[in-house]
Structures are given as C-alpha cells and as structure tokens.
Amino acid sequence: MIPKPSKPHWSGPFVGGITQSLITRFLECPFRFYLYAYCGFREPEPQQQQLIWGSVMHIGLEHLIRGHTLTESNDMMRHEFRTNYLDAPPSFIHSTCRMLGVYKKTVLPKLQLPAETEIEINELIPIPGVDQLVRFRGKRDVLNNRLGDHKCKGRIYAQETLTEISTDLQMNLYDYFSQKEYWFYDLIQIPEFAYRVPDRLASQSPQKWVDYIFDTHSNTMNGFPITQFPHQHCVHLTHFQPIQETLDYFDKTIIPIVKRIIRWWDHVNDPSFDPNKASCYNDVFYISPLRLFDPSRTDKFKPHFHGLFTGQYGYEALTASAEFYAELSHEERDHS
C-alpha cells in the first residue's frame with residue numbers, strides 16, 4: 001500500500017515555499033514528488049559521490065570569492081569533509097583543494113571582487129489566477145552587476161552549456177529576483193570522474209595520485225596534467241540576458257509550472273485523495289515512466305526512487321527526512 005501521512009512533510013507553496021530543486025523534482029514525476037515532498041521519504045541509497053565533491057567545492061568557492069585566502073578556503077573544505085563526509089573517497093580532500101587553486105588562477109582574475117555569495121531568496125510573489133501569494137526560496141550568487149553559479153561535473157560540455165544557458169531554470173528564477181543582465185556560469189570538472197583519468201596505483205597514496213594527475217600525468221589529448229591545461233577543467237562562461245527575456249521566461253515557463261504545483265498541492269490535500277485508488281490519478285498526479293530517455297543520446301538513466309519502482313526495495317525501506325530548506329537560514333515549518 002502506498003502511504004498517506006496524516007499531514008504533509010512539506011508545508012506547501014504558500015507557506016514553505018517553492019525552490020528550483022522542488023520544481024525540478026515535480027517535473028521529473030508528480031508521484032515521486034508526492035513520495036518526496038508530501039511523505040518526506042528519502043531513498044535508502046548513499047549520496048552520490050559527485051554531489052559530495054560539488055557540495056564541498058561550493059564551500060571553498062564561497063569563501064574564496066568573498067575574499068578569503070586560498071589557505072583559509074581550503075581549510076574550510078577540509079573541515080567540511082571531516083565533519084560531514086568522513087566516508088568520502090580519500091582523494092576528494094586533496095582534489096578539491098588542488099582544483100580550487102586552479103580556479104583561483106584561471107577564473108578568479110576574471111571576476112569583479114569583492115562579491116556577495118549565497119544571498120537568500122525568500123519572496124512572496126503574486127501569480128495570476130491564484131488568490132494567495134506564492135513563496136519563492138533559494139540562494140543566489142551575485143558579483144556586483146552579475147548573477148553567477150558554479151556547477152561541478154564529471155564531464156564538461158562548454159559549448160553545449162553556452163547554447164542552453166538562456167533556458168536554465170535556476171539562473172532564470174534567481175535572475176527574476178536579481179534583475180542582472182550579465183551572468184557568469186562556471187563549469188568545474190571533478191578530477192576523479194574526468195574522461196581518461198588514470199587509475200590510482202596501489203603504491204600511490206590519495207594525495208600522491210592527485211598530485212600526479214595535476215602535475216605529472218601526460219595525456220595532452222584529454223587535458224592532463226591539469227595544471228598545464230587548466231581551461232579544460234575550469235571553464236568560465238559569460239552570458240548576456242536582457243531583463244525582458246528573464247521576465248518572459250518567468251511568465252512562460254515558471255508560472256505555468258507553479259500553477260500545476262498548486263493544483264497538485266490542492267489535489268493531494270483533498271480529504272478524498274487516496275494514492276492507492278486509480279481514480280485519483282489525473283493530469284497533475286500521475287507516474288512518469290522510469291525509462292523516459294532517448295537511448296541514442298545516453299546509455300544510463302536512473303531517476304529518483306528507481307529502486308522502489310524496479311522492485312529492489314519496498315516503501316518500508318524508505319527513510320524519513322528531518323526537514324526541508326536545511327541550507328536556508330529561516331526555517332518556517334515546525335512539523336517533522
């Protein structure tokens with residue numbers, strides 16, 4: 001049986017608020033969004049290693065851009081690993097520090113410092129046809145007259161990203177509240193997941209291996225050593241987006257999605273709603289196909305709750321989440 005809690009874990013679009021990540025989760029699948037947002041379930045799977053590397057790197061970037069020294073920024077990343085990610089691959093603590101050094105050398109001189117980072121968004125916005133104000137939440141980086149973001153990836157496709165950046169959900173949403181015509185978008189490669197990165201030998205310590213791929217390993221075709229080809233691993237993209245285009249994006253893309261989320265919210269909170277009844281499934285509450293991808297473009301697709309839908313575990317294996325918006329300073333919900 002599909003669970004139906006006595007009250008939702010998420011406090012909704014009007015009180016708790018909508019974030020870019022919640023919109024993305026909803027677009028993936030309204031039913032899996034129900035498991036995540038309404039039931040508060042998390043999957044019984046370890047956090048992806050790439051997300052750990054990226055989360056820690058963001059901490060280093062935040063301090064470096066605010067004007068801290070490289071040593072101070074590295075120390076903050078080491079502290080984060082030792083506090084929250086003791087199970088992370090042992091090379092991460094070294095590769096994040098080395099890559100932050102590459103960022104300082106190749107990208108930082110292009111930025112207009114000092115800068116504000118991690119600026120909180122917590123705004124109530126009127127939506128046409130909706131009788132309540134909708135709360136939008138998030139955090140954005142602003143460098144003087146520019147809106148910015150950093151993405152850490154195992155593979156970097158700079159040209160493709162540049163052609164798609166104007167349609168980026170997160171950048172457009174945050175720019176709606178920032179009104180900046182100039183954007184910067186950093187692509188930072190995670191060395192451990194880079195194409196053709198050499199395996200670590202048994203005789204190499206994690207630090208020696210990281211030093212090897214940054215300083216010694218020769219594979220010019222694939223950008224090694226990293227210190228000799230830094231611009232293949234740390235790419236700084238700039239984009240000019242007229243404010244009117246951002247406003248149009250908000251009206252044409254974000255508002256229609258938000259209206260669907262509101263309809264979804266009203267539907268799942270209706271006393272007659274029962275996720276175990278087929279009659280309760282409609283145009284805002286349905287199960288998206290798991291294998292919804294183009295096999296000619298990718299060979300792997302694993303959405304949220306993949307194990308549940310493929311029978312690897314049941315609902316009883318799902319774990320509860322403590323809270324939403326943990327990274328934001330103002331938590332407005334008091335139920336768990």
For [X], I'd like to know if atom [atom1] has over 12 heavy atoms of other residues, nucleotides or ligands within 6.0 Å.
X    : atom1 : value
K208 : NZ    : no
K105 : NZ    : no
E116 : CD    : no

At what distance, to the nearest 0.5 angstrom, does [atom1] of [X] lie from [atom2] of [Y]?
X    : Y    : atom1 : atom2 : value
I262 : Q132 : CD1   : CD    : 8.5 Å
D141 : L147 : CG    : CG    : 8.0 Å
T246 : I254 : OG1   : CD1   : 9.0 Å
T117 : I65  : OG1   : CD1   : 7.0 Å
H231 : I156 : NE2   : CD1   : 12.5 Å
Y34  : R25  : OH    : CZ    : 15.5 Å

So, using side-chain contact (heavy atoms from CB on, under 4.5 Å) as the criterion, who are the partners of [X] when residues are at least two apart?
X    : result
H94  : P206, Q207, V210
Q179 : I243, L247
Y182 : N145, R146, F240

Discussion item. Evaluate I287 against Y281 for side-chain contact (heavy atoms from CB on, under 4.5 Å), listing each step before the verdict.
Written reply: CA-CA 8 Å; I287 300 175; Y281 289 72; 4.0 Å; yes

Discussion item. Ring-plane angle category for F285 and F31, please: parallel below 30°, perpendicular beyond 60°, tilted otherwise.
Written reply: perpendicular

Worksheet item: Going by the angle between their ring planes, with limits at 30° and 60°, are F250 and F136 parallel, tilted or perpendicular?
Response: tilted

Which atom names give the shortest non-hydrogen contact between [X] and [Y], and what distance separates them?
X    : Y    : answer
Y174 : S178 : O-OG, 2.9 Å
V258 : V134 : CG1-CG1, 4.1 Å
I188 : M99  : CG2-CG, 3.6 Å
F184 : M171 : O-CE, 3.9 Å
W264 : V284 : CD1-O, 3.0 Å
S95  : P191 : CB-CG, 4.2 Å

Worksheet item: Which other residues end up in the same hydrophobic cluster as M76, if Ile, Leu, Val, Met, Phe, Trp and Tyr are linked when side-chain heavy atoms come under 4.5 Å apart?
Response: I59

Item to complete: Any chance you could lay out the side-chain contact (heavy atoms from CB on, under 4.5 Å) test for L201 and Y212, step after step, and finish with the verdict?
Response: CA-CA 11 Å; L201 302 177; Y212 172 65; over 6 Å; no

Worksheet item: Is there any salt bridge (Lys or Arg N to Asp or Glu O under 4.0 Å) pair reaching into residues 253-277, and which pairs are they, with sequence neighbours excluded?
Response: R263-D283

Just by distance, with hydrogens left out, do [X] and [Y] show a side-chain donor and acceptor under 3.5 Å apart?
X    : Y    : result
S288 : E28  : no
R135 : N122 : yes
Q170 : K151 : yes
S166 : W183 : no
D186 : Y103 : yes
T19  : R137 : no

Worksheet item: For residues 187-208, which residue pairs qualify under ring pair (Phe, Tyr, Trp, His ring centres under 6.0 Å), counting only residues two or more places apart or in two chains?
Response: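 For residues 187-208, and leaving out neighbouring residues, there are no ring pair (Phe, Tyr, Trp, His ring centres under 6.0 Å) pairs at all.
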
Practice prompt. Tell me whether the centres of the aromatic rings in H267 and F273 are closer together than 6.0 Å.
Written response: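 Yes - the distance between ring centres of H267 and F273 falls below the 6.0 Å cut-off.
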
Item to complete: For residues Y38 and W10, establish whether the separation of their ring centroids is below 6.0 Å.
Response: no

Okay, side chain of [X], backbone of [Y]: is any donor-acceptor separation there less than 3.5 Å?
X    : Y    : value
R200 : Q204 : yes
H79  : D75  : no
T167 : E164 : yes

Worksheet entry | Q232 vs N222, side-chain hydrogen bond (donor to acceptor under 3.5 Å, both in side chains): CA-CA, chis, key distance, verdict | CA-CA 9 Å; Q232 293 190 36; N222 294 293; over 6 Å; no

Fill in: side-chain contact (heavy atoms from CB on, under 4.5 Å) assessment of M1 paired with N276
CA-CA 7 Å; M1 294 287 289; N276 295 287; 3.6 Å; yes

Discussion item. Determine whether R140 and D175 satisfy the following criterion, salt bridge (Lys or Arg N to Asp or Glu O under 4.0 Å), listing intermediate values before the conclusion.
Written reply: CA-CA 9 Å; R140 66 190 189 275; D175 195 29; over 6 Å; no

Worksheet item: So L308 and F41, side-chain contact (heavy atoms from CB on, under 4.5 Å) or not? Walk me through it.
Response: CA-CA 11 Å; L308 177 70; F41 286 143; over 6 Å; no

